[in-house]
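I have placed the structure first, in the form of structure tokens, so that the comments after it can refer back to it.
Chain naming here is simple, since letters A, B, ... match the order of the sequence lines and numbering starts at 1 in each.
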2 protein chains.
Amino acid sequence: MNKEYILELLLTNKIRKTQFRIELLEVFMNTKYGLSFKDVKERISSTQDKVTIYRALTIFEKKGIIHKVPNTNDVSKYAICPEACSEKAHQHNHAHFICTQCEKTFCVDEIELPILKKVKGYKIKRSNLTLEGDCPDCI
Amino acid sequence: MNKEYILELLLTNKIRKTQFRIELLEVFMNTKYGLSFKDVKERISSTQDKVTIYRALTIFEKKGIIHKVPNTNDVSKYAICPEACSEKAHQHNHAHFICTQCEKTFCVDEIELPILKKVKGYKIKRSNLTLEGDCPDCI
DNA sequence: AAATTAAACGCAACTAAGTTGCATTTAATT
DNA sequence: AATTAAATGCAACTTAGTTGCGTTTAATTT
Ligand SMILES: [Mn+2]
Ligand SMILES: [Mn+2]
Ligand SMILES: [Zn+2]
Ligand SMILES: [Zn+2]
């Protein structure tokens with residue numbers, strides 16, 4: 001069933017069903033927190049080439065399959081988009097929690113994001129709420 | 001007066017009053033948006049050494065004088081902390097706006113952040129609201 | 001004012017993240 | 001089976017950020 005969903009996801013986004021890209025999506029779907037490039041590489045067996053991995057991350061993000069999690073350190077982390085995002089609309093309505101101890105990042109669906117259209121001259125198209133603290137494993 | 005404030009800031013944080021660090025704080029105080037390492041380097045004349053600049057950014061952040069702005073791209077941006085932050089308490093109550101056109105990042109004081117203590121097992125110590133869209137200059 | 005001390009500086013060398021170009025392979029289409 | 005464009009893999013590159021270490025200098029002590 002997950003496999004079905006993955007194949008459909010690739011099909012509708014016109015991404016070819018290669019072993020690596022299927023495996024990559026499986027990894028994302030089986031991980032409840034955000035993954036860095038390094039995390040991904042460790043969890044994958046069908047390739048170890050960084051260019052290949054980066055290109056997959058880039059196109060998945062562009063197509064709205066995964067999204068970057070905003071953070072304050074240098075390494076990007078990616079997580080699967082829980083709602084139906086697309087190349088055009090990449091809007092989420094969930095917050096992200098970053099554990100300051102283990103550095104894991106989680107998507108948190110329990111919180112309603114404040115919806116803001118306009119603030120003093122700014123045109124707001126998207127908003128991200130990032131929470132920091134201790135995750136269940138580290139408390 | 002700004003100069004007074006800068007000197008006091010350095011004094012209370014036990015940071016030596018070197019020409020560069022004073023200049024760096026002046027730059028931050030005179031800029032209404034977040035600055036990357038590169039931005040800083042361009043605006044500074046007393047040194048061009050990256051190690052010196054990075055070390056100042058790091059210690060200023062640690063002392064609660066400046067803060068990193070959460071983002072989804074690879075370069076960190078720093079902005080001055082508008083409230084009285086310290087080494088112990090680095091808590092802000094303002095959002096950040098990132099312009100998707102000019103990439104400038106602004107601190108936005110107009111928005112009240114939702115204060116969240118606990119969500120499903122997570123212990124929340126800090127929260128960051130990041131807004132994306134068009135800034136006044138780019139609208 | 002001179003001596004002391006630790007913070008700050010500056011340079012070289014390094015690590016890690018991420019990108020670009022290009023030739024080769026392969027999934028999907030005809 | 002032939003075609004084609006997407007995907008892969010390797011080398012080489014760029015940029016962000018760090019580490020080690022010797023030198024300088026701001027601040028403190030005498
Ligand atoms: Mn998420
Ligand atoms: Mn700010
Ligand atoms: Zn944790
Ligand atoms: Zn702008």
Which is the 5'-most and which the 3'-most nucleotide of DNA chain D that has an atom under 4.0 Å from a heavy atom of chain A?
-> D:dA5 to D:dG17
Side-chain contact, heavy-atom cut-off 4.5 Å: B:Val69 with A:Thr72?
-> no
In whole angstrom, give the distance that lies between atom CZ of B:Arg21 and atom P of C:dA7.
-> 11 Å
For A:Ile53 and C:dG18, give me the distance from atom CD1 to atom C1', rounded to whole Å.
-> 12 Å
Check A:Cys99 against A:Cys102 and note the closest heavy-atom contact, atom names and distance.
-> SG-N, 3.4 Å
Nearest 0.5 Å please: distance from the CD1 atom of A:Ile44 over to the CD atom of A:Gln48.
-> 8.0 Å
In degrees rounded to 10°, what angle is found between the helical axes fit to the five outermost pairs at each end of the helix from C:dA1-D:dT30 to C:dT30-D:dA1?
-> 30°
Residue mapping more 5' on DNA chain C - nearest nucleotide basis, A:Arg55 or B:Ile59 | B:Ile59
Strand-adjacent residues in residues 29-51 of chain A, judged by heavy atoms under 4.0 Å from DNA chain D = A:Thr47, A:Asp49, A:Val51
What is the distance from CZ of B:Arg16 to P of C:dA6, rounded to the nearest Å?
-> 10 Å
Quick one: B:Asn13 CG to C:dA7 P, roughly how many Å, whole number?
-> 14 Å
On DNA chain D, check which nucleotide each of B:Lys17 and B:Tyr54 is closest to and give me the residue with the more 5' one.
-> B:Tyr54
Integer-rounded Å distance: C:dA8 C1' and B:Ile22 CD1 = 13 Å
Residues pairing under salt bridge (Lys or Arg N to Asp or Glu O under 4.0 Å) where one sits in residues 130-139 of chain A, two or more places apart or in two chains, turn out to be A:Asp134-B:Lys125
Flag side-chain contact, heavy atom, 4.5 Å: B:Ile59 against B:Arg21 | yes
Between B:Phe60 and B:Tyr78, ring centroids under 6.0 Å = no
Could you check if a side-chain atom of A:Arg126 sits within less than 4.5 angstrom of a side-chain atom of B:Leu131, using non-hydrogen atoms only?
-> no
Starting at the 5' end of DNA chain D, which residue's closest nucleotide do you reach first, B:Thr58 or B:Leu11?
-> B:Thr58
Using a cut-off of strictly less than 4.0 Å, decide whether A:Thr18 has a side-chain nitrogen or oxygen near OP1 or OP2 of C:dT26.
-> no
Between B:Glu23 and B:Ser46: side-chain donor-acceptor atoms closer than 3.5 Å | yes
Residue list, salt bridge (charged side-chain N to carboxylate O under 4.0 Å, His left out) with A:Lys68, at least two apart or on another chain = none
A:Lys77 versus A:Tyr33: any side-chain heavy-atom pair under 4.5 Å?
-> no
Output all residues satisfying ring-ring contact (aromatic ring centres under 6.0 Å, His included) with A:Phe37, sequence neighbours left out; order by chain, then residue number.
-> A:Tyr54
Send over the distance from B:Leu24 CG to C:dA8 C1', rounded to a whole Å.
-> 13 Å
